[in-house]
Protein chains: 2
Amino acid sequence: MKRNNKLSLALHTLGHMAAAPEQVFTSEVIAGHNATNPVVVRRVLGLLRVRGLVVSGKGHAGGWRLARAADQITVAEVYDAIGAPFLTAEPLAAEKDCAIVAAMQSTLHAAMAEAEAVLRRHLATRTIADLAKAMAKGAKESRDFRFPPR
Amino acid sequence: MKRNNKLSLALHTLGHMAAAPEQVFTSEVIAGHNATNPVVVRRVLGLLRVRGLVVSGKGHAGGWRLARAADQITVAEVYDAIGAPFLTAEPLAAEKDCAIVAAMQSTLHAAMAEAEAVLRRHLATRTIADLAKAMAKGAKESRDFRFPPR
DNA sequence: GTTTCATGTAACTATTATAGTTACGTGATT
DNA sequence: AATCACGTAACTATAATAGTTACATGAAAC
């Protein structure tokens, strides 16, 4: 997983889990599917586990699976679990006491908060099951996947 | 400018320019106001120049100023000029032919495009002049700010 | 015309966020 | 008891971003 992000890894993995709910996936297998390392997988899926999206087991039959039905897990929940929002208020250090800086921060923060709300609302309409459906349809059709109307 | 971003530097600087339109600012002075380096300032303002938001001059009376009235420059234009959108489609390399990956990309891209549009629309309603107004109102703390002597 | 000053830019270094890796402990299954 | 897979700490590697140095170019001042 070179320069990708946790959200992609998480959604990809959950999509596969949704497509085979009976199956238990080891972090090693998942890592193989994502060109990354098992430890990285455990770290990312660990974020999902504390939010109750997946469960993990140790030992011989150990591994990962969904904690509930795929159509009961929205993409927004995964996004929140990863906790790396695309939109955040600006940091900016210099001249903290400058009124222009304050006005700028206020403007940017308001705009981002609004955009982030739209983003989450959009992602809340999609579930992991929707991702798995694409696989059921087959890879060929999915290459020109179209977002269905709301 | 430790770990801050170009947009903050740009907006802060343009805000000050709007508050003193007749003033010419050198990159050295601007750098001082932002705890950064003159070269960094030139690089960032250079992005604004090619979009016609500011103009620069060399030599003795050289420096930077707005290319047009502050109320004719929207924050969205600055955002676009910086060209570092907060929202971009996911890269993700592994398993390109996976239908789930394609579905995921599609979902994320659609959500981000929608959010980004909201963000830009919001920023388009704000101008650099709005930022300068905050200074005119005068937060107490900002009174000690001084522009460089003519 | 020469000096001075500020931008324009290339090339390099520094910092930092993120991912990758190694190592080993813990608990479950065989 | 042996094996397997997660849990996690600690370290290393990579890459995006910012900072720095150096110098050429052009404009104003003298």
Side-chain angles (χ1 to χ4, degrees), chain A residues 1-10 12-13 17 23-51 53-67 82-88 90-94, chain B residues 1-10 12-13 17 23-51 53-67 82-86 88 90-94 148-150:
Chain A
M1 188 169 69
K2 278 263 163 64
R3 284 295 98 183
N4 284 318
N5 62 47
K6 300 173 190 173
L7 183 58
S8 295
L9 170 57
H12 182 198
T13 302
M17 287 176 175
Q23 193 165 336
V24 172
F25 295 81
T26 68
S27 21
E28 185 136 4
V29 165
I30 297 167
H33 287 163
N34 288 278
T36 186
N37 189 290
V39 175
V40 174
V41 172
R42 285 178 213 143
R43 285 205 283 240
V44 172
L45 294 189
L47 296 172
L48 306 185
R49 187 186 49 227
V50 302
R51 302 290 274 253
L53 305 182
V54 298
V55 292
S56 63
K58 291 182 170 182
H60 259 92
W64 303 82
R65 62 176 176 78
L66 297 181
I82 293 304
F86 292 111
L87 296 168
T88 45
E90 297 300 289
L92 187 63
Chain B
M1 188 168 69
K2 278 264 163 66
R3 283 294 99 183
N4 284 318
N5 61 48
K6 299 173 190 172
L7 183 58
S8 296
L9 170 57
H12 182 198
T13 301
M17 287 176 174
Q23 185 82 40
V24 172
F25 297 82
T26 67
S27 22
E28 185 135 5
V29 164
I30 297 167
H33 288 162
N34 288 278
T36 186
N37 188 290
V39 175
V40 173
V41 172
R42 285 176 214 144
R43 286 204 281 239
V44 172
L45 294 189
L47 295 172
L48 306 185
R49 188 187 48 226
V50 301
R51 302 290 275 251
L53 305 183
V54 299
V55 292
S56 63
K58 291 182 169 183
H60 259 94
W64 303 82
R65 62 176 177 79
L66 297 182
I82 293 304
F86 292 112
T88 46
E90 297 299 289
L92 186 62
R150 240 214 123 114

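Order of the sequence lines sets the chain letters (A, B, ...), proteins ahead of strands, with each chain counted from 1. Below, all heavy atoms of this structure are taken into account, side chains as well, without hydrogens, waters or symmetry copies.
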Looking at [atom1] of [X] and [atom2] of [Y], how far apart are the two atoms once the value is rounded to the nearest 0.5 Å?
| X | Y | atom1 | atom2 | answer |
| --- | --- | --- | --- | --- |
| Met17(A) | Leu45(A) | CE | CG | 5.5 Å |
| Asn34(A) | Leu9(A) | CG | CG | 4.5 Å |
| Glu28(A) | Asn37(A) | CD | CG | 9.0 Å |

Under 4.0 Å: is that the gap between some side-chain N or O of [X] and OP1 or OP2 of [N]?
| X | N | result |
| --- | --- | --- |
| Ser56(A) | dG7(D) | yes |
| Arg49(A) | dG7(D) | yes |
| Ser27(B) | dT7(C) | yes |

Pairs satisfying side-chain hydrogen bond (donor to acceptor under 3.5 Å, both in side chains), at least one member in residues 55-65 of chain B, at least two apart: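 Listed by first then second residue: Arg49(B)-Ser56(B).
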
Atom-to-atom span, CD of Glu28(A) to P of dT21(C) - whole angstrom: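 Those two atoms, CD and P, are 12 Å apart.
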
I need the CG-P distance between Asn34(B) and dT17(D), as an integer number of Å.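 Atom CG in Asn34(B) sits about 19 Å away from atom P in dT17(D).
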
Using a cut-off of 4.0 Å between protein heavy atoms and nucleotide atoms, how would you tag nucleotides 23-30 of chain C 5' to 3' with B, S and -? B--BBBBS

Report the residues that fulfil side chain to side chain contact (heavy atoms under 4.5 Å, CB included) with Leu47(A), sequence neighbours left out, ordered by chain and then residue number.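 Per chain and number, Leu47(A) pairs via side chain to side chain contact (heavy atoms under 4.5 Å, CB included) with Lys6(A), Ile82(A).
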
Among all residues two or more places apart in sequence or in another chain, which pass the side-chain hydrogen bond (donor to acceptor under 3.5 Å, both in side chains) test with Ser27(A)?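 Ser27(A) satisfies side-chain hydrogen bond (donor to acceptor under 3.5 Å, both in side chains) with Arg42(A) only.
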
Using the C1' atoms of five pairs at each end, what's the angle between the two axes of the helix from dG1(C)-dC30(D) to dT30(C)-dA1(D), to 10 degrees?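 Computed from the C1' atoms at both ends, the axes differ by 0°.
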
